[in-house]
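We count ligands from 1, going down the list as the structure has it; atoms in each ligand are counted the same way. Please read all numbers here as calculations on a predicted model, not as lab measurements.
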Amino acid sequence: MPLPSPSLVDPFGRRINYLRLSVTDRCDFRCVYCMAETMTFLPRDQVLSIEELAQVGRAFIQLGVEKIRITGGEPLIRNNMLELVASLAQTPGLKELCLTTNGSRLEHMAAPLSAAGLQRINISLDSLQPERFRQLTRHGDLHQVLKGIEAAQQAGFARLKLNAVILQNHNLDEVVDLVDYALNEGLDISFIEEMPLGIITSHGRAAEFVSSATLRDIIGERYALTPNLHSSGGPARYWEIAGYPSRIGFISPHSDNFCGSCNRVRVSAEGKLLLCLGNEQSLDLRAILRNTPDELAPAIIKALQLKPEKHHFDLQEQVDIVRFMSATGG
Ligand code: SAM
Ligand code: SF4
């Protein structure tokens, strides 16, 4: 099939058609694997405005990006999110507009988001036990998140997906409960191996690491898992369980390097174009947007030549990347 022109292709021949756009580095939770208890957030004038975020989105769409995921921080605490969603959804060329959220505001936002043109939602959920949920998120209210999931179902979102990070000494015993919940609710679920992004003191990442293979073994004791050939073009490998429509995904940055098929770049809330999750290299799109906006598209094309071949996460080194996942746009 001929590529749309112009298109973003990196030096390793990978076509970039997926943008993860972070709309804020702030969050109403402080998940132990994602943030420190006390965080310093960006001054507001350093964060891209809603119009600037829309400009960035449009530039990528014109360069051939077909899928955008809005993320953060917690995207739903950002004011005027519906405006951004509507503006991106109406841009010709975009095929899929998605959001990743912690679900805390979803109860009231799900229906308006759907009306504004959002198509897919991923919701993070690491525990179904209220106290433990509070411990893992430091501020989260499980009940509120479950109401948010229900609201998203009622708003008609197809293939809602849960994201869970499993830590050895925190929630490993809940893996099957989380799968049961997903199956009963007709949701997909992906388990993500913890990545060494940002300096945290709550736990040692190496000591808490659980591989996707271990999780599959645990789930396999309860359900027969068979590989599902579905591919999102992304890092998840999917499995299924006979009799249920849910997909069980595993994102394994440590145990199954997925960089060879990488199709994505990220833009942080302050407008840094990040070419790889596991790499500090970036281009300051905010400076371009605010000073020489006509140079936005050529600068993005040029920056893509710096996309590294793969990430280099190492659990033994405490921190590879000083940037938190929330600052990166998870
Ligand atoms: N606040 C939203 C949420 O929690 O869904 C969106 C942003 S959050 C950074 C996106 C995803 O990154 C979440 O599913 C979260 O579990 C995951 N995440 C955060 N820090 C991580 C880490 N160090 N390793 C692996 N996944 C991480
Ligand atoms: Fe907030 Fe999401 Fe990070 Fe949790 S994972 S602290 S909800 S940004």
*Asks:* Shortest non-hydrogen contact from Val210 to Glu193?
*Replies:* O-CG, 3.8 Å

*Asks:* Indicate if Leu88 and Leu82 have the same hydrophobic cluster label, given that clusters are the connected sets of ILVMFWY residues with side-chain heavy-atom separations under 4.5 angstrom.
*Replies:* yes

*Asks:* Kindly confirm or rule out an N or O of Thr101 lying under 3.5 angstrom from an N or O of ligand 1.
*Replies:*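 The answer is yes, given that Thr101 and ligand 1 share an N or O pair closer than 3.5 Å.
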
*Asks:* On a heavy-atom basis, I'd like to know which of Glu193, Met195, Arg20, Arg26 is closest to atom 24 (N) of ligand 1.
*Replies:*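 Comparing heavy atoms across Glu193, Met195, Arg20, Arg26, the nearest one to atom 24 (N) of ligand 1 lies in Met195.
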
*Asks:* Has Cys27 got an N/O/S atom less than 2.8 Å from atom 4 (Fe) of ligand 2?
*Replies:*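 No, Cys27 does not qualify, because none of its backbone or side-chain N, O or S atoms lies under 2.8 Å.
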
*Asks:* Could you tell me whether ligand 1 has any atom less than 4.0 Å away from a heavy atom of Arg205?
*Replies:* yes

*Asks:* Can you measure from OH (Tyr33) to CG (Leu167) and round to the nearest 0.5 angstrom?
*Replies:*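 Tyr33 OH to Leu167 CG: 7.5 Å, rounded to 0.5 Å.
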
*Asks:* For ligand 1, is Gly73 a contact, meaning one of its heavy atoms is under 4.0 Å away?
*Replies:*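 Distance cut 4.0 Å: Gly73 passes for ligand 1.
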
*Asks:* Heavy atoms only: which of Pro75, Ser124, Gly140 lies closest to atom 3 (C) of ligand 1?
*Replies:*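 Result: the heavy atom closest to atom 3 (C) of ligand 1 is in Ser124.
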
*Asks:* Mind checking what makes side chain to side chain donor-acceptor pair (under 3.5 Å) contact with Tyr181, not counting sequence neighbours?
*Replies:* none

*Asks:* Which atoms of ligand 1 sit under 4.0 Å from any heavy atom of Cys34?
*Replies:*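 In order of numbering, the contacting atoms are 19 (C), 20 (N).
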
*Asks:* Using the rule that Ile, Leu, Val, Met, Phe, Trp and Tyr join whenever any side-chain heavy atoms are under 4.5 Å apart, tell me whether Ile77 and Ile149 fall into a single cluster.
*Replies:*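 Hydrophobic grouping puts Ile77 apart from Ile149.
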
*Asks:* Check for a donor-acceptor pair, side chain of Arg132 on one end and backbone N or O of His170 on the other, with a separation under 3.5 Å.
*Replies:* yes

*Asks:* Once you restrict to heavy atoms under 4.0 Å, what part of Cys34 touches ligand 2? Side chain, backbone, both or neither.
*Replies:*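 For Cys34, the contact with ligand 2 is made by the side chain alone.
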
